[in-house]
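Computation of the quantities below employed the complete heavy-atom set of this structure, encompassing side-chain atoms and omitting hydrogens, waters and symmetry-equivalent molecules.
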Amino acid sequence: MISLQVPPNRIARAFAARPTGGLLSCYVTAGFPAPDATVPVLAALAAAGTDILEIGVPFSDPVADGPVIQAANGQALAQGMSLTRLFAQLAEVRRAVPDTPLLLMGYLNPVLQFGFEAFCAAAADVGIDGLILPDLPPAEVEARYAPILRAHGLRMVYLITPRTPPARIQYLDGLTDDAFLYVVSGAGTTGYHADAATLAAQAAFMATLPALNLRNPCLLGFGIRDAATFRAACALADGAIIGSALVQALADAPPADAPAVAAGFVRQVRSNDR
């Protein structure tokens, strides 16, 4: 049954309270580096100054992700991570982090296997604010799934790139319900290191967006890895998303140290912007 209870829009609140240096969204793979790491890692990230938490749903074929996140997905699945287990953990996350927006990032196959409406109901029940499903066509959301998402108070976040035509960007902005657009900073998968030409193209593309009169803010992702690249991204957008660099930091440390490593990573990224 579709719930009619509409939760608070924590995403809009996060942008309204955006730090001067820019909003920081961090991605981690659920159940990585250990099955019980999800709750303490996310709580540590929030306490250290992360404005939005993006939680990766482990999947066997994460095509938009680079080798770091692919490996984290494989390890989480091998250690028994599942959607049922994740939703149980997320209930704890929301109790530990009552105000920070929580987004689930994943791929359509596991969602459909779970059942789209059942997935949305479970996500809403544990306090999820929005979804990022890169392989779900926006037109299909509009045609089939928008009523379910709205009924459960879940917002879709859509990806745009420097190759996305202006009319398409405006279309996706129109589909976005008071959330944000995820700007993929260049070609390739997550975790790449941009060269000078790519950085110049990024800046040129971002300079075109104000003329489109978008309703929603933009966060820049892919290739953001430290304080310098975070500052550079925030000079172009409303904030930035960090994923692979954080996941790699977690992979390089003992699992027991994961919360401290996550917090230290965020403090280093935000060292010069607060």
Side-chain angles (χ1 to χ4, degrees), residues 7 10-11 13-14 17 19 23-59 62 65 68-106 110 119 122-132 190-191 221 224-227 230 239-271 274:
R10 299 182 187 91
I11 301 173
R13 290 180 183 175
L23 189 147
L24 173 61
S25 178
C26 284
Y27 166 97
V28 290
T29 302
F32 180 83
D36 59 353
T38 307
V39 178
V41 166
L42 291 171
L45 288 170
T50 304
D51 301 296
I52 295 177
L53 296 169
E54 185 180 326
I55 304 144
V57 178
F59 180 49
D65 292 301
V68 172
I69 293 179
Q70 286 184 13
N73 273 251
Q75 182 173 327
L77 289 171
Q79 294 174 154
M81 200 62 192
S82 66
L83 271 175
T84 300
R85 188 172 189 176
L86 173 57
F87 282 131
Q89 292 179 345
L90 290 174
E92 296 183 52
V93 173
R94 182 46 82 200
R95 287 192 290 270
V97 185
D99 300 318
T100 304
L102 302 177
L103 303 178
L104 285 178
M105 187 278 177
F119 179 89
D125 284 346
V126 297
I128 295 298
D129 299 285
L131 307 177
I132 305 174
T190 57
I224 317 301
R225 61 188 180 275
D226 54 23
F230 176 70
I241 301 167
I242 299 181
S244 294
L246 172 57
V247 173
Q248 184 63 64
L250 295 174
D252 291 341
D257 295 341
V261 169
F265 183 94
V266 170
R267 285 194 292 267
Q268 183 274 325
V269 168
R270 303 222 78 144
S271 59
R274 285 184 182 263

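Residues meeting the side chain to side chain contact (heavy atoms under 4.5 Å, CB included) test with Asp226, sequence neighbours left out: Ala228, Thr229, Gln268. With sequence neighbours excluded, the residues satisfying side chain to side chain contact (heavy atoms under 4.5 Å, CB included) with Ala91 are Arg95, Val126. For Arg94, the side chain to side chain contact (heavy atoms under 4.5 Å, CB included) partners at least two apart in sequence or on another chain are Arg10, Leu102, Asp129. For Thr38, the side-chain hydrogen bond (donor to acceptor under 3.5 Å, both in side chains) partners are Gln89, not counting sequence neighbours.
The side-chain heavy atoms of Leu104 and Ile132, taken from C-beta on, include no pair separated by under 4.5 Å. The side-chain heavy atoms of Ile52 and Leu23, taken from C-beta on, include a pair separated by under 4.5 Å. At a threshold of 4.5 Å between non-hydrogen side-chain atoms, the residues Pro33 and Gln79 do not count as touching. Residues Pro101 and Leu53 fail the side-chain proximity criterion, which asks for heavy atoms closer than 4.5 Å. Between Glu54 and Ile241, the closest side-chain pair of non-hydrogen atoms falls below 4.5 Å.
Ser25 OG to Ile242 CD1: the interatomic distance, rounded to the nearest 0.5 Å, is 9.5 Å. The structure places OG1 of Thr100 at 10.0 Å from CG of Leu45, a figure rounded to the nearest 0.5 Å. If you take OG1 on Thr50 and CG on Leu42, they are separated by 9.0 Å, rounding to the nearest 0.5 Å. Annotation: the span from Leu90 atom CG to Ile55 atom CD1 amounts to 5.0 Å, rounded to 0.5 Å. One distance of note links CD1 of Ile11 with CG of Asp51; it measures 12.5 Å at 0.5 Å rounding. In this structure, CG in Leu83 is found 11.0 Å from CZ in Phe59, a value given to the nearest 0.5 Å.
Here the closest non-hydrogen pair linking Ala30 and Met81 is O-CG, 3.8 Å. For the pair Gly243 and Ile69, the tightest heavy-atom approach, listed with the atom from each and the gap, is C-CD1, 4.4 Å. Shortest non-hydrogen contact noted between Ala240 and Ile224 is CB-CG2, 4.1 Å. Contact record, Ala43 with Val97: CA-CG2, 3.9 Å, taken as the closest heavy-atom pair.
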Sequence neighbours excluded and cut-off under 3.5 Å, please list the side-chain donor-acceptor pairs for residues 249-265, or say none.
unit_1, atom_1, unit_2, atom_2, d
Asp252, OD1, Gln248, NE2, 2.8

List the steps and the verdict of side-chain contact (heavy atoms from CB on, under 4.5 Å) for Leu246 and Tyr27. CA-CA 8 Å; Leu246 172 57; Tyr27 166 97; over 6 Å; no
Is there a side-chain contact (heavy atoms from CB on, under 4.5 Å) between Arg225 and Phe230 once you walk through the steps? CA-CA 7 Å; Arg225 61 188 180 275; Phe230 176 70; over 6 Å; no
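A salt bridge does not link Arg85 to Asp36: none of the charged nitrogens lies less than 4.0 Å from a carboxylate oxygen.
Sorted by first and then second residue, the pairs that involve residues 70-101 and meet ring pair (Phe, Tyr, Trp, His ring centres under 6.0 Å), not counting sequence neighbours, are Phe87-Phe114, Phe87-Phe119.
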